[in-house]
Novice: 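The structure is given below, and queries will be raised subsequently.
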Amino acid sequence: LKMQNLIKKTPVLILCGGKGSRLSEETLITPKPLIKIDKYPILIHIMKIYLKYGFKKFILLTGYKHKLIKDYFVRKFPKEIKEKPIILKNNKIYFKNLEVQILNTGLNTLTGARVLKSKKVIRNDKFFALTYGDGLANINLKKVFTNFYKKNFDGVMCATNPEEKFGNLKIKKNVVIDFKEKKKDPKKWINIGFFLFKNTFFKYLDNKTMLEDKPLKRITKRKKLMVYKHYGKYNCMDTIY
């Protein structure tokens, strides 16, 4: 019960401000988080992962086509779920089982700086979750939180052991002497973009950096970033394919 109450109060930041240039066939018109998979946009599928484990508060860090994302939650989403929202002046939108705040963090702002701009609205929260607006995983976020919240770390990064896209060749003097078809490397782990941080993470951020650059390098150097190994499914919508 204590964990469920903590999760319910913890805000989820979703990075929704990028231009999605690798998916430009779609993103010239539609911001990447609003591109539909079946009935709903990617963003709603991401939110459903968090809602499943009891998270209720979402803060969308927008930039590119900010107005379209805001319009979706003010006009389209209420019709889809057949519910009339309560809309406040500070871009907070309340529904029966969730709260959405849309924070315009600027058109060309780097991801680390976007997160830093959220400090003004979550400074009183002890923890916050963070993810990108284009990745899906069947990850048990309650388990991630339970493993992390009492430990002496500033954050936890979720990682997976990915499927290799290509086979490996061993070459000697222009001759292939060994070929191995696509096979997982048990030593290779990648960041899948699902994070939990304590409020102390803000000290690693600045206004001129990508999240993946200095902030994650700083927290890693101080040995304050733990990992949660995810063995289930993960997909990132990088390209139209």
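Start at 1 with the first residue, then count along the sequence.
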Novice: Flag yes if Met226 and Tyr204 sit in one hydrophobic cluster, no otherwise; membership is Ile, Leu, Val, Met, Phe, Trp, Tyr, and two members link when side-chain heavy atoms are under 4.5 Å apart.
Specialist: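 As far as the 4.5 Å side-chain criterion goes, Tyr204 and Met226 are not connected within one cluster.
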Novice: What about Val12 and Met157, same hydrophobic cluster or not, with Ile/Leu/Val/Met/Phe/Trp/Tyr joined at side-chain heavy-atom distances under 4.5 Å?
Specialist: no
Novice: Is there a path of hydrophobic side-chain contacts, each under 4.5 Å between heavy atoms of I/L/V/M/F/W/Y residues, joining Leu15 to Ile139?
Specialist: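 In one cluster: no.
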Novice: Please name the pair of heavy atoms, one in Gly193 and one in Thr131, separated by the smallest distance, quoted to 0.1 Å.
Specialist: O-OG1, 2.7 Å
Novice: Give me the atom names and distance for the closest heavy-atom approach of Asn104 to Gly63.
Specialist: OD1-CA, 3.8 Å
Novice: Would you call the rings of Phe145 and Phe148 parallel, tilted or perpendicular if under 30° counts as parallel and over 60° as perpendicular?
Specialist: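 Phe145 vs Phe148 ring planes: tilted.
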Novice: What distance do Lys143 atom NZ and Cys158 atom SG have between them, rounded to the nearest 0.5 Å?
Specialist: 11.5 Å
Novice: Which heavy-atom pair separates Ile59 from Pro11 by the least distance, and what is that distance?
Specialist: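 For Ile59 versus Pro11, the nearest heavy atoms are CD1-CB, 4.1 Å.
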Novice: So do the side chains of Ile14 and Met47 get within less than 4.5 Å of each other, counting heavy atoms only?
Specialist: yes
Novice: Nearest 0.5 Å please: distance from the NZ atom of Lys119 over to the CG atom of Leu205.
Specialist: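 The distance works out to 9.0 Å.
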Novice: Does the pair Asp71/Lys67 count as a salt bridge with the N-to-O cut at 4.0 Å?
Specialist: no
Novice: Please check if the number of heavy atoms outside Asn90 that lie under 6.0 Å from its CG is greater than 12.
Specialist: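 Enclosed: over 12 neighbouring heavy atoms sit under 6.0 Å from CG of Asn90.
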Novice: Give, for atom CG of Leu60 and atom NZ of Lys70, the distance between the pair rounded to the nearest 0.5 Å.
Specialist: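 If I round to the nearest 0.5 Å, the distance is 12.5 Å.
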Novice: Can Phe153 be reached from Val144 by stepping across I, L, V, M, F, W or Y side chains whose heavy atoms are under 4.5 Å apart?
Specialist: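 In one cluster: yes.
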Novice: If I compare all heavy atoms of Gly133 with all of Ile42, which pair ends up nearest, and what's the gap?
Specialist: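 That closest heavy-atom pairing would be O-CG2, 3.5 Å.
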Novice: Check whether the ring centres of Tyr228 and Trp189 lie less than 6.0 Å apart, and answer yes or no.
Specialist: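 No, too far apart.
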Novice: Does the His45 side chain pair with the main chain of Leu136, one donor and one acceptor, at a distance under 3.5 Å?
Specialist: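 Side chain of His45 to backbone of Leu136, a donor-acceptor pair under 3.5 Å: no, none is there.
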Novice: Could you walk me through whether Val175 and Lys172 pass the side chain to side chain contact (heavy atoms under 4.5 Å, CB included) check?
Specialist: CA-CA 5 Å; Val175 177; Lys172 189 174 183 179; 5.7 Å; no
Novice: So Leu211 and Leu130, do their side chains get closer than 4.5 Å, heavy atoms only?
Specialist: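 SC-SC contact between Leu130 and Leu211 confirmed.
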Novice: When rounded to the nearest 0.5 angstrom, what distance separates NZ in Lys76 from CG in Leu34?
Specialist: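 Here the rounded value is 7.5 Å.
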Novice: Report the C-alpha distance between Tyr64 and Lys32 in whole Å, list the side-chain angles of each, state the deciding distance to 0.1 Å, and finish with yes or no for side chain to side chain contact (heavy atoms under 4.5 Å, CB included).
Specialist: CA-CA 9 Å; Tyr64 179 66; Lys32 193 174 182 180; over 6 Å; no
Novice: Could you report the tightest heavy-atom contact between Arg114 and Gly18, atom names first, then the distance?
Specialist: NH2-N, 4.2 Å
Novice: Take atom NZ in Lys198; do more than 12 heavy atoms of anything else shown fall under 6.0 Å from it?
Specialist: yes
Novice: Just so I know, are the side chains of Lys151 and Val156 near enough to count as touching, which here means a heavy-atom distance under 4.5 Å?
Specialist: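 No, their side chains stay 4.5 Å or more apart.
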Novice: Does some side-chain heavy atom of His230 sit less than 4.5 Å from a side-chain heavy atom of Phe194?
Specialist: no
Novice: Of all heavy-atom pairs between Phe95 and Ile81, which one has the smallest distance, and what is that distance?
Specialist: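 The pair with the smallest heavy-atom distance is CD2-CD1, 3.8 Å.
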Novice: Go through the steps to decide whether Phe73 and Ile44 satisfy the test side chain to side chain contact (heavy atoms under 4.5 Å, CB included), and finish with yes or no.
Specialist: CA-CA 10 Å; Phe73 282 96; Ile44 298 302; 3.9 Å; yes
Novice: Do Phe77 and Ile93 come close enough that some side-chain heavy atom pair is under 4.5 Å?
Specialist: no
Novice: Check whether any side-chain heavy atom of Leu225 sits under 4.5 Å from a side-chain heavy atom of Phe201, and report yes or no.
Specialist: no
Novice: For residues Lys19 and Asn108, is any side-chain donor paired with an opposing acceptor at under 3.5 Å?
Specialist: yes
Novice: Does NZ in Lys203 sit with more than 12 non-hydrogen atoms of other residues, nucleotides or ligands closer than 6.0 Å?
Specialist: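 Yes, enclosed.
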Novice: To the nearest 0.5 Å, what is the distance between CG (Leu141) and OH (Tyr50)?
Specialist: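 Answer rounded to 0.5 Å: 5.5 Å.
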Novice: Does Asp154 use its side chain to pair, donor to acceptor, with the backbone of Lys224 at less than 3.5 Å?
Specialist: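 A pair under 3.5 Å: no.
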Novice: Should the heavy atoms of other residues, nucleotides or ligands under 6.0 Å from CD1 of Ile86 be counted, would the total exceed 12?
Specialist: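 Check fails, neighbour count at 12 or below.
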Novice: Side chain to side chain contact (heavy atoms under 4.5 Å, CB included), that's the test. Do Asn97 and Leu51 meet it? Break it down for me.
Specialist: CA-CA 9 Å; Asn97 294 312; Leu51 286 166; 5.6 Å; no
Novice: Do Thr10 and Asp125 come close enough that some side-chain heavy atom pair is under 4.5 Å?
Specialist: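 No, every pair of side-chain atoms sits at 4.5 Å or beyond.
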Novice: Decide yes or no for Ile122 and Leu13: does some side-chain heavy atom of the first lie under 4.5 Å from some side-chain heavy atom of the second?
Specialist: yes
Novice: Distance-only, no hydrogens or angles: does the Arg123 side chain make a donor-acceptor pair with backbone N or O of Lys120 under 3.5 Å?
Specialist: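 Yes, because the side chain of Arg123 sits within donor-acceptor range (under 3.5 Å) of the backbone of Lys120.
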Novice: Do the side chain of Asn161 and the main chain of Lys188 share a donor and acceptor less than 3.5 angstrom apart?
Specialist: yes
Novice: Looking only at atom types and distance, does a side-chain atom of His66 sit under 3.5 Å from a main-chain N or O of Ile69, one as donor and one as acceptor?
Specialist: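 Answer holds: no.
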Novice: According to a 4.5 Å side-chain heavy-atom criterion applied to Ile, Leu, Val, Met, Phe, Trp and Tyr, with indirect links allowed, do Val121 and Phe55 form part of one hydrophobic cluster?
Specialist: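 As far as the 4.5 Å side-chain criterion goes, Phe55 and Val121 are not connected within one cluster.
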Novice: I'd like to know if the side chain of Thr105 and the backbone of Thr62 have a donor-acceptor N/O pair within less than 3.5 Å.
Specialist: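 Yes.
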Novice: About how many Å separate CG of Asp134 and CG of Leu43, when rounded to the nearest 0.5 Å?
Specialist: 11.0 Å
Novice: Parallel, tilted or perpendicular, judged at 30° and 60°: which one describes the rings of Phe128 and Phe197?
Specialist: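 If you compare the ring of Phe128 with that of Phe197, the planes turn out tilted.
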